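As structure tokens, the structure follows; a few thoughts come after it.
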Amino acid sequence: MDDLLVIGGGSAGITFAKFGASLGAKITVIEANKLGGDCTWTGCVPSKSLIHAAKIAHTTATAARYGISAQPSIDFAAVMGYVHSVQQQIYQHDDAPEVLRQAGARVIEGRARFYDDQTVEVNGELLRAKHFCIATGSHPKIPTIPGLAEAGYLTNEDVFLLEALPKRIVVLGGGPIGCELGQALFRLGAEVTIIQQGPRLLPKDDHAMGAALAQALKSEGLQLYLNTKTLKVELQAGAKQLTIQTANNQPQTIVADAILVAAGRTPNLHNLGLDAAGILYDPEQRIHVDHYLRTSNPRVFACGDVIGRYQFTHVAAQEAGLVLRNALFPGQSAMKYELVPWATFTDPEVGHVGLNEDQARAKYGSSLRVYELPWSANDRARTEDATQGFTKILAVGRKEQIVGVHIIGQGAGDMINAAVLAMGTGVSASKLGGLINVYPTRSQGLKMTAQRSFTRWLEKPWLQRALRWYFR
Ligand SMILES: Cc1cc2nc3c(=O)[nH]c(=O)nc-3n(C[C@H](O)[C@H](O)[C@H](O)COP(=O)(O)OP(=O)(O)OC[C@H]3O[C@@H](n4cnc5c(N)ncnc54)[C@H](O)[C@@H]3O)c2cc1C
Ligand SMILES: NC(=O)c1ccc[n+]([C@@H]2O[C@H](COP(=O)([O-])OP(=O)(O)OC[C@H]3O[C@@H](n4cnc5c(N)ncnc54)[C@H](O)[C@@H]3O)[C@@H](O)[C@H]2O)c1
């Protein structure tokens with residue numbers, strides 16, 4: 001009998017197969033479509049490949065300021081060919097059934113559902129296991145807008161299959177998907193309008209990040225509507241006409257050739273037989289799990305996008321590791337979410353870890369200190385004409401404990417990992433500011449921001465007076 005049977009072979013499922021089997025446990029992964037899940041086929045991998053190609057187009061088109069003149073000629077089908085080739089490479093190397101079998105896991109292709117509280121059915125076969133894990137991921141949430149379904153729309157599930165670039169694209173949603181793909185498609189030649197129903201982009205990030213990103217996207221040429229509701233969509237002479245209500249309550253229309261819906265995610269629970277297995281879930285379609293990622297059926301765990309917490313590949317993988325620990329070994333450990341980092345791979349990128357400023361202020365009040373440094377103070381950023389950005393460190397207490405770091409700027413997604421290391425190992429802001437970093441690097445900006453925790457004392461009048469006396 002299997003030690004663990006996993007439904008879903010995406011980011012979490014693949015971690016189960018590789019890591020679980022390497023421990024010597026009997027692991028079966030059942031996948032309904034293609035191993036690799038959202039990340040390889042409809043998420044991280046194609047979006048980051050498209051963003052890379054789009055950045056090259058943008059860099060080429062704007063190279064005149066460096067004394068280099070060129071105009072990119074963009075073959076959209078070839079760009080998509082590049083995207084698909086990266087997907088194939090990653091699939092063959094990391095996700096394919098033979099890779100997981102080689103690692104020691106059993107792979108079954110088929111759609112699984114619970115038959116009862118200790119049995120799963122797939123391809124007409126009933127399978128029992130000591131434990132189960134639901135890792136079925138999520139799919140795009142489609143807002144209820146009159147006429148949207150009839151007019152037709154794209155989501156992350158089909159945008160990477162486009163063979164030609166639509167001329168005018170409206171993106172519904174100003175979260176990470178809308179901002180990343182909106183900018184990439186703009187840079188590849190589309191006219192892009194992002195409609196965000198809330199007051200700012202990236203509302204899960206620090207408020208200053210969304211505002212800075214909005215400024216960057218607008219200055220590049222994207223149209224942005226914040227606090228805006230889409231009232232209806234109509235087909236007019238083959239094009240899609242959206243009637244929107246903007247912040248000042250003025251209805252107006254926008255005409256587009258394609259609408260990309262990027263308005264959040266819904267967990268994949270449909271037809272899973274959860275009731276037959278005694279697994280509780282809520283009307284928002286989230287499975288209830290405890291701190292140990294166990295559902296209301298003690299044999300069954302759930303992790304990844306399906307539990308609707310932090311919907312990232314690195315979190316799905318971390319949660320899968322925790323489920324392996326709790327299902328296969330005595331005792332149990334809880335998932336810790338305080339140090340979940342993420343990055344939005346726009347240009348400039350936005351990196352996040354810990355509390356944002358509003359959360360930190362609500363929690364720590366006047367003991368919160370905010371250290372900020374614009375990238376214009378960083379020499380490497382200057383040499384690379386990448387001064388659009390800033391770093392923000394949130395610290396508390398006499399020990400200057402770091403409770404949040406937020407970075408907007410080129411490469412912020414890589415840089416945020418240093419902040420994770422500092423926070424995870426209890427390095428204070430003053431300690432971080434005192435370390436030696438390589439000059440000239442953009443990541444030095446993190447250290448330079450942390451340095452504010454002690455250089456700010458130099459601005460105190462009493463210290464100024466004392467220094468004047470000392471050097472009299
Ligand atoms: C456009 C986009 C860009 C993204 N970019 C990033 C990024 O840059 N960084 C990042 O960290 N995250 C990113 N994400 C999020 C990331 O893709 C997800 O958080 C991650 O894939 C979740 O992993 P998972 O294992 O929970 O689900 P998935 O990877 O979606 O895997 C679930 C699998 O379960 C299968 N399945 C479903 N039902 C059944 C069933 N009944 N039987 C058998 N199999 C079933 C599905 O076919 C699927 O393969 C992005 C997402 C999108 C949409
Ligand atoms: N770089 C990354 O790590 C990355 C990239 C893409 C996606 N993701 C993951 O995928 C998840 C889903 O991304 P997402 O951007 O779809 O979701 P999201 O929930 O993060 O953002 C969606 C945004 O759309 C807005 N919205 C909802 N309905 C709307 C409507 N009718 N009109 C206009 N705006 C509307 C919401 O206010 C929200 O801000 C992310 O939260 C993240 O976990 C990660």
Side-chain angles (χ1 to χ4, degrees), residues 6-16 29-48 50-51 95 108-114 120-122 133-145 148 155-157 159-160 170-182 194-205 210 225-230 242 244 260-265 267-273 302-317 319-320 340-346 349-352 413:
V6 182
I7 306 179
S11 303
I14 283 172
T15 307
F16 281 117
V29 175
I30 306 176
E31 171 54 50
N33 296 314
K34 232 172 158 183
L35 285 163
D38 230 6
C39 187
T40 302
W41 299 113
T42 50
C44 334
V45 172
S47 60
K48 267 79 254 180
L50 192 77
I51 286 168
D95 309 338
I108 299 177
E109 288 162 43
R111 185 163 290 280
R113 65 192 305 277
F114 282 94
V120 155
E121 182 187 348
V122 59
C133 186
I134 302 168
T136 49
S138 63
H139 62 275
K141 188 187 279 177
I142 308 301
T144 41
I145 298 172
L148 178 64
T155 67
N156 68 296
E157 294 183 346
V159 69
F160 303 111
V170 167
V171 180
L172 293 182
I177 298 182
C179 293
E180 287 184 355
L181 292 183
I194 297 179
I195 297 177
Q196 165 65 329
Q197 70 180 9
R200 59 177 201 255
L201 298 178
L202 305 183
K204 294 171 189 162
D205 285 68
Y225 288 92
L226 301 177
N227 279 318
T228 297
K229 213 171 157 208
T230 303
L242 294 91
I244 59 170
L260 173 63
V261 175
R265 314 284 300 170
N268 290 332
L269 298 187
H270 185 62
N271 250 338
L272 263 183
C303 72
D305 274 17
V306 74
I307 62 172
R309 290 184 177 169
Y310 293 87
Q311 295 179 313
F312 300 100
T313 286
H314 44 281
V315 175
E319 288 174 341
V340 170
W342 65 79
T344 300
F345 296 93
T346 41
E349 291 180 1
V350 183
H352 170 120

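FYI, the numbering just counts along the sequence from 1. Computed from a prediction, not measured in an experiment: that's the story for all the values here. In listed order, ligands and their atoms are each counted from 1.
Atoms of ligand 2 lying under 4.0 Å from at least one heavy atom of Lys204, given by number and element, are 18 (P), 19 (O), 20 (O), 41 (O). Close approach of ligand 2 to Glu180 (heavy-atom distance below 4.0 Å) involves ligand atoms 1 (N), 2 (C), 5 (C). Under a 4.0 Å criterion applied to the non-hydrogen atoms of Pro143, ligand 2 contributes the atoms 31 (N). Atoms of ligand 2 found under 4.0 Å from any heavy atom of Gly175, numbered from 1 in the order shown, are 15 (O), 21 (O), 23 (C). The ligand atoms of ligand 2 that sit less than 4.0 angstrom from a heavy atom of Pro203 are 39 (O). Taking every heavy atom of Arg265 and a limit of under 4.0 angstrom, the matching atoms of ligand 2 come to 11 (C), 12 (C). Proximity to Phe345 (heavy-atom distance under 4.0 Å) selects the following atoms of ligand 2: 1 (N).
Within the 4.5 Å cutoff, the side chain of Leu148 has heavy atoms near those of the Val261 side chain. Under the 4.5 Å side-chain criterion, counting only non-hydrogen atoms from C-beta, Arg265 is in contact with Pro140. Cys179 has its side chain within reach of Thr346: a pair of non-hydrogen atoms, C-beta onward, lies under 4.5 Å apart. Counting only heavy atoms from C-beta outward, the side chains of Thr40 and Ile14 never approach each other to under 4.5 Å. Counting only heavy atoms from C-beta outward, the side chains of Thr155 and Ile142 approach each other to under 4.5 Å. Side-chain contact between Asn33 and Arg111 is present, with heavy atoms from C-beta onward closer than 4.5 Å. Between Leu50 and Lys48, the closest side-chain pair of non-hydrogen atoms is not below 4.5 Å. Between Asn156 and Asp38 the shortest side-chain heavy-atom distance falls below 4.5 Å.
Ranking the protein heavy atoms by distance from atom 39 (O) of ligand 2 puts Gln196 NE2, 2.9 Å first. Shortest contact from atom 44 (C) of ligand 2 to any protein heavy atom: Phe312 CE2, 3.7 Å. What sits closest to atom 2 (C) of ligand 2 on the protein, heavy atoms only, is Ala343 O, 3.3 Å. For atom 4 (C) of ligand 2, the nearest protein heavy atom (residue, atom name, distance) is Pro176 CB, 3.9 Å. Looking at atom 9 (C) of ligand 2, its nearest protein heavy atom turns out to be Gln311 O, 3.2 Å. If you check which protein heavy atom lies closest to atom 33 (C) of ligand 2, you get Ile195 O, 3.2 Å. Distance from atom 34 (N) of ligand 2 to its nearest protein heavy atom, with residue and atom name: Gln197 N, 3.2 Å. Nearest protein heavy-atom contact of atom 24 (O) of ligand 2 is Gly173 CA, 3.3 Å.
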Report all side-chain donor-acceptor pairs from residues 197-205 shorter than 3.5 Å, counting only partners two or more places apart or in another chain.
{"residue": "Arg200", "atom": "NH2", "partner": "Pro203", "partner atom": "O", "Å": "3.4"}
{"residue": "Asp205", "atom": "OD1", "partner": "Trp342", "partner atom": "NE1", "Å": "3.2"}
{"residue": "Asp205", "atom": "OD2", "partner": "Trp342", "partner atom": "NE1", "Å": "3.4"}

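Here's the thing with Ile177: one of its N/O atoms is less than 3.5 angstrom from an N/O atom of ligand 2. Between Gly198 and ligand 2, a contact under 3.5 Å exists for no N or O pair.
Heavy-atom separations between Thr230 and ligand 2 are all 4.0 Å or longer. Residue contact annotation: Trp342 has no non-hydrogen atom under 4.0 Å from ligand 2. Ligand 2 lies within reach of Lys48, whose nearest heavy atom is under 4.0 Å from it.
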| said: The test is side-chain contact (heavy atoms from CB on, under 4.5 Å); show your working for Arg309 and Val340 and say whether it passes. | reply: CA-CA 11 Å; Arg309 290 184 177 169; Val340 170; over 6 Å; no
| request: Decide yes or no on side-chain contact (heavy atoms from CB on, under 4.5 Å) for Phe312 and Cys44, but give the supporting numbers first. | output: CA-CA 9 Å; Phe312 300 100; Cys44 334; over 6 Å; no
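Ordered by chain and residue number, the residues placing a heavy atom less than 4.0 Å from ligand 1 are Ile7, Gly8, Gly9, Gly10, Ser11, Ala12, Ile30, Glu31, Ala32, Asn33, Lys34, Gly37, Asp38, Cys39, Thr42, Gly43, Cys44, Ser47, Lys48, Gly110, Arg111, Ala112, Ala135, Thr136, Gly137, Asn156, Ile177, Arg265, Leu272, Gly304, Asp305, Gln311, Phe312, Thr313, His314, Ala316, Phe345.
Between the side chains of Thr136 and Asn268, no donor-acceptor pair of N or O atoms lies under 3.5 Å.
Counting non-hydrogen atoms of other residues, nucleotides and ligands closer than 6.0 Å to NE2 of His270 gives a total of 12 or fewer. Environment of NZ in Lys34: crowded, with over 12 heavy atoms of neighbouring residues, nucleotides or ligands closer than 6.0 Å.
Listed for the Thr15 side chain is no donor-acceptor partner under 3.5 Å among the backbone atoms of Gly13. Looking at Trp41, its side chain does come within 3.5 Å of a backbone N or O of Leu35 through a donor-acceptor pair.
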